[in-house]
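Comments concern the structure below.
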Protein chains: 2
Amino acid sequence: MAIDEVFKALADPSRRRILRMLSKGDLTAGQIGQDFDISGPSISHHFNVLKAAELIRGRRDGQQIVYSLNTTVVQDALTLILDVFAKPGHQETFDET
Amino acid sequence: MAIDEVFKALADPSRRRILRMLSKGDLTAGQIGQDFDISGPSISHHFNVLKAAELIRGRRDGQQIVYSLNTTVVQDALTLILDVFAKPGHQETFDET
DNA sequence: AAGATAATTAGCCAATCATCTAAATATACT
DNA sequence: AGTATATTTAGATGATTGGCTAATTATCTT
């Protein structure tokens, strides 16, 4: 997993919205696009960025591409995000102060 | 806290490195800068981005500016980051699969 | 095989970003 | 007051980004 790609992918609000949508379940490109005011190609570009970060995966189902969250990478990404802030030798879980 | 600023701040590897350094303890601008190959003004720009996201705070101590992590905002930011991936109604902690 | 639908890739453009050098500001020292 | 040190702000520049339209690819339907 490329940490840099992950953080860059998360930098855009549309992409974060896509991730949030997919966290509730798989969706086709079209279903996702309907929720946005931007053009199809622009959405497609966001899919590419998210795929480059390996945060999502797409599989073709007939005419449509069904996108789903790559939960494995999402877990790893969250670990790395927490690492940015974690004091080493201070094994803290998220809820801890 | 401006979520958008937070994610933009995290998008740059130098800024993530700064945060990691500060998570171990406060440091002056100069001490941080020594660890980087980029110019002073560039580092200063990164401080500004991190300050805009309220992730760090700087206080003057004589000639130096001492930077520290804004732990309150860091906590809130982590919550928001987790929200990007969390299925609602599925109260999951970080360690859970 | 022709046309419709779903989505992508290609190519362009304006806006943003990370970096730089030069100049400015703030504090300390002599 | 004058100089050195620490850091920032100002302004410029090349690279990256997010958006668009047009064209392409893949699949389905008739």
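Below, read A as the first sequence line, B as the second, and so on, with proteins coming before strands; counting in each chain starts at 1. Values in this document were obtained by computation on a predicted structure and should not be read as measured data. Below, each value reflects all heavy atoms present in this structure, side chains not excepted, and no hydrogens, waters or symmetry copies.
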Just N and O in the side chain of [X]: are any of them under 4.0 Å from OP1 or OP2 of [N]?
| X | N | value |
| --- | --- | --- |
| B:N48 | D:dT8 | no |
| B:R60 | C:dT25 | no |
| A:S44 | C:dT8 | yes |
| B:H46 | C:dT19 | yes |
| A:S39 | D:dG19 | no |

*Hey, which of these two, B:G40 or A:A11, hits DNA chain D nearer its 5' end, going by closest nucleotide?*
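Per heavy-atom nearest nucleotide, the more 5' residue is B:G40.
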*Nearest-nucleotide wise, let me know which of A:G62 and A:R15 is further upstream toward the 5' end of DNA chain D.*
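Nearest nucleotide further toward 5': that of A:R15.
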For residues 29-46 of chain A, dump all side-chain donor-acceptor pairs below 3.5 Å to protein atoms at least two apart in sequence or in another chain.
residue, atom, partner, partner atom, Å
A:Q31, OE1, A:T28, N, 2.9
A:Q31, OE1, A:T28, OG1, 3.4
A:S39, OG, A:S42, N, 3.3
A:S39, OG, A:S42, OG, 3.1
A:H46, ND1, A:R15, NH1, 3.1

*asked:* Check whether A:R57 reaches the backbone of A:S68 with its side chain - one donor and one acceptor, N or O, closer than 3.5 Å.
replied: no
*asked:* Strictly distance-based, threshold 3.5 Å: is any side-chain N or O of B:D26 a donor or acceptor partner for the main-chain N or O of B:V66?
replied: no
Side chain of [X]: nearest nucleotide among [options]?
| X | options | result |
| --- | --- | --- |
| B:H45 | C:dT19, C:dA4, D:dG19 | C:dT19 |
| A:P41 | C:dT8, C:dA6, C:dA7 | C:dT8 |
| B:K8 | D:dG19, D:dT7, C:dC17 | C:dC17 |
| A:Y67 | D:dG19, C:dT19, C:dT8 | C:dT8 |
| A:Q63 | C:dT19, D:dT5, D:dT27 | D:dT27 |

Atom [atom1] in [X], atom [atom2] in [Y]: separation rounded to 0.5 Å?
| X | Y | atom1 | atom2 | result |
| --- | --- | --- | --- | --- |
| B:L10 | B:L50 | CG | CG | 8.0 Å |
| B:I65 | B:Q63 | CD1 | CD | 10.5 Å |
| B:Y67 | B:L55 | OH | CG | 13.5 Å |

_Which residues in residues 29-38 of chain B have a heavy atom closer than 4.0 Å to any atom of DNA chain C?_
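Going residue by residue through residues 29-38 of chain B, the ones with a heavy atom under 4.0 Å of DNA chain C turn out to be B:I38.
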Rounded off to whole Å, could you give me the [atom1]-to-[atom2] distance for the [X] and [N] pair?
| X | N | atom1 | atom2 | result |
| --- | --- | --- | --- | --- |
| A:D12 | D:dT17 | CG | C1' | 9 Å |
| A:L50 | D:dT17 | CG | P | 13 Å |
| A:I18 | D:dG18 | CD1 | P | 11 Å |
| B:I65 | D:dT5 | CD1 | C1' | 13 Å |
| B:F7 | D:dG18 | CZ | P | 14 Å |
| B:Q64 | C:dT27 | CD | P | 13 Å |
| A:F47 | D:dG18 | CZ | P | 15 Å |
| B:D4 | C:dT16 | CG | P | 13 Å |

*asked:* For B:M1 and B:V6: C-alpha separation, side-chain torsions, deciding distance, then whether side chain to side chain contact (heavy atoms under 4.5 Å, CB included) applies.
replied: CA-CA 8 Å; B:M1 187 200 28; B:V6 170; 3.8 Å; yes
_A:R17 atom CZ, over 12 foreign heavy atoms within 6.0 Å_ =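 Yes, because the 6.0 Å sphere around CZ of A:R17 holds more than 12 heavy atoms from other groups.
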